[in-house]
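Here is the naming used below: chain letters follow the sequence lines, and residue numbers restart at 1 for every chain.
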Protein chains: 2
Amino acid sequence: MATDRDSVLEAAVGVLSRRPTAHLDEIARAAGISRATLHRIFPGREALIREVGTLGLRRFAAALDTARIEEGDAQAALRRLVDAVVPDAALCAFLAGENQLYDDPGINDLWEVQDARVRALFLRGQQQGVFRIELSAGWLSEAFFDLVAGIGWAVQDGRLAPRDGAFSLAELFLGGALRRPDTP
Amino acid sequence: MATDRDSVLEAAVGVLSRRPTAHLDEIARAAGISRATLHRIFPGREALIREVGTLGLRRFAAALDTARIEEGDAQAALRRLVDAVVPDAALCAFLAGENQLYDDPGINDLWEVQDARVRALFLRGQQQGVFRIELSAGWLSEAFFDLVAGIGWAVQDGRLAPRDGAFSLAELFLGGALRRPDTP
DNA sequence: AGCAGATGAGACGTTGATGTCTCATTCTAT
DNA sequence: ATAGAATGAGACATCAACGTCTCATCTGCT
């Protein structure tokens, strides 16, 4: 049952995104299973971490697909991306915190592909005159991901209401913190 | 010699901000000393991590002081803060990644004080009509710190030139990613 | 040169998480 | 109801990092 595996991974994210060094006991308890069963599903800790990473990247890639970021106006595409990615913000928070994953070539490649897609979105937006050209597409892409992770942490720790996630992310990232005098 | 301690902590940050689970061997090698000497300076791993955390918070607090964030126009104060904090972005990146530190009450208290100062800055800016009121001061504060950490990671990994750090941070955070038609 | 202190290299025991095993219990399908 | 499979609980060995120790070497000072 793939659903079973994914539900365990889901629970693992909840623990690991906060404390990447959490013991397997803790993860198993969070998933509602015993440590023995956890080992039956995943050969070991390394495999579990890797699976969580690939799940996060699969979800992120699915969000890019759902948002159809390659189509239409760049700003509208980014707003669609925000809505699509915020539900998986916790997974992105895990990915952001687990730089160690970049040792795995498979995960690294998968990440590169998705990151390139987001960078292309910003580049396209800059060519369309929608996004600012003073900021590099690479930095926009990285900063966007940082803020998505920030949403994930804030929601998990109860500092931000889940309903406010998409709005807070889109408004801050697109419009910045400054009040615009011309748009009352 | 406090300078010696700090130089070791400095080196430790370089390693720990990327990989929080790095072995003491690795940290000692990065600092150019042996593991034995590392143990002579810091009683153990826990003490080392705690010292790195307090160093980061001291530097962050010093940046808030240097920028005089309690004085004058909120936007100008934030720009001063950006300039003051970017040189220590790597330390902030460590603080952001090491949520585990929040177990220590001393560090937790110190963090609360600084976070409250930043939140007060945003609240003041909102009252002055400088910052947008649709975004909560708490989220602005958290997002700002996330982006500072992002700067630290990007610079450390060579994805962003150190000279571009302050500009990229200030422009994105204050003005957002959207191009403003009215300010060519 | 000679001495005191500091450092590096390495050995050693301890500790805690991990991986594997067994066995009793529970769930499920027929 | 019963056989088979799956799960939980716990014991056990392994292993890697940690903390401590000793000793040789190096540095700095007189």
Whole-Å distance between dC15(D) P and Arg45(A) CZ? 19 Å
For Glu46(A) and dA16(D), give me the distance from atom CD to atom P, rounded to whole Å. 13 Å
Select from Asp25(A) and Ala36(A) the residue whose nearest nucleotide in DNA chain C is closer to the 5' end of that strand. Asp25(A)
Compare every heavy atom of Ala177(B) with every heavy atom of Leu140(A), then report the nearest pair and how far apart it is. CD2-CB, 4.0 Å
Among dG8(C), dG8(D), dT7(D), find the nucleotide with the atom closest to the side chain of Ser34(B). dG8(C)
Is there side-chain contact between Arg132(A) and Arg180(B), with heavy atoms separated by less than 4.5 Å? no
NE2 of His23(B) versus P of dT15(C): gap in Å, rounded? 21 Å
Arg29(B) side chain to Ser34(B) backbone, donor-acceptor under 3.5 Å: no
Rounded distance in Å - CG (Leu38(A)) to C1' (dG10(D)): 16 Å
Rounded to whole angstrom units, what separation is found between the CG atom of Leu48(A) and the C1' atom of dA17(C)? 14 Å
Starting from P on dA5(D), measure out to CG on Asp4(A) and report it in whole angstrom. 18 Å
Do the side chain of Arg35(B) and the base of dG10(C) come within less than 3.5 angstrom through a donor-acceptor pair of N or O atoms? no
Please evaluate the base of dG8(D) for a donor-acceptor partner in the side chain of Arg40(A) within a cut-off of under 3.5 Å? yes
dT20(C), dG8(D), dG8(C): which one has an atom nearest the side-chain heavy atoms of His39(A)? dT20(C)
Could you tell me whether Arg124(A) and Glu70(A) make a salt bridge, using a distance below 4.0 angstrom between a side-chain N and a carboxylate O? no
Check whether any side-chain N or O of Thr37(A) sits under 4.0 Å from OP1 or OP2 of dT7(D), and answer yes or no. no
From CD1 of Ile33(A) over to C1' of dT7(D), roughly how many Å is that when rounded to an integer? 10 Å
Between C1' of dA17(C) and CD1 of Ile27(A), the distance in whole Å: 12 Å
Determine, for Arg79(A) against Asp83(A), whether the closest basic-nitrogen to carboxylate-oxygen distance falls under 4.0 angstrom. no
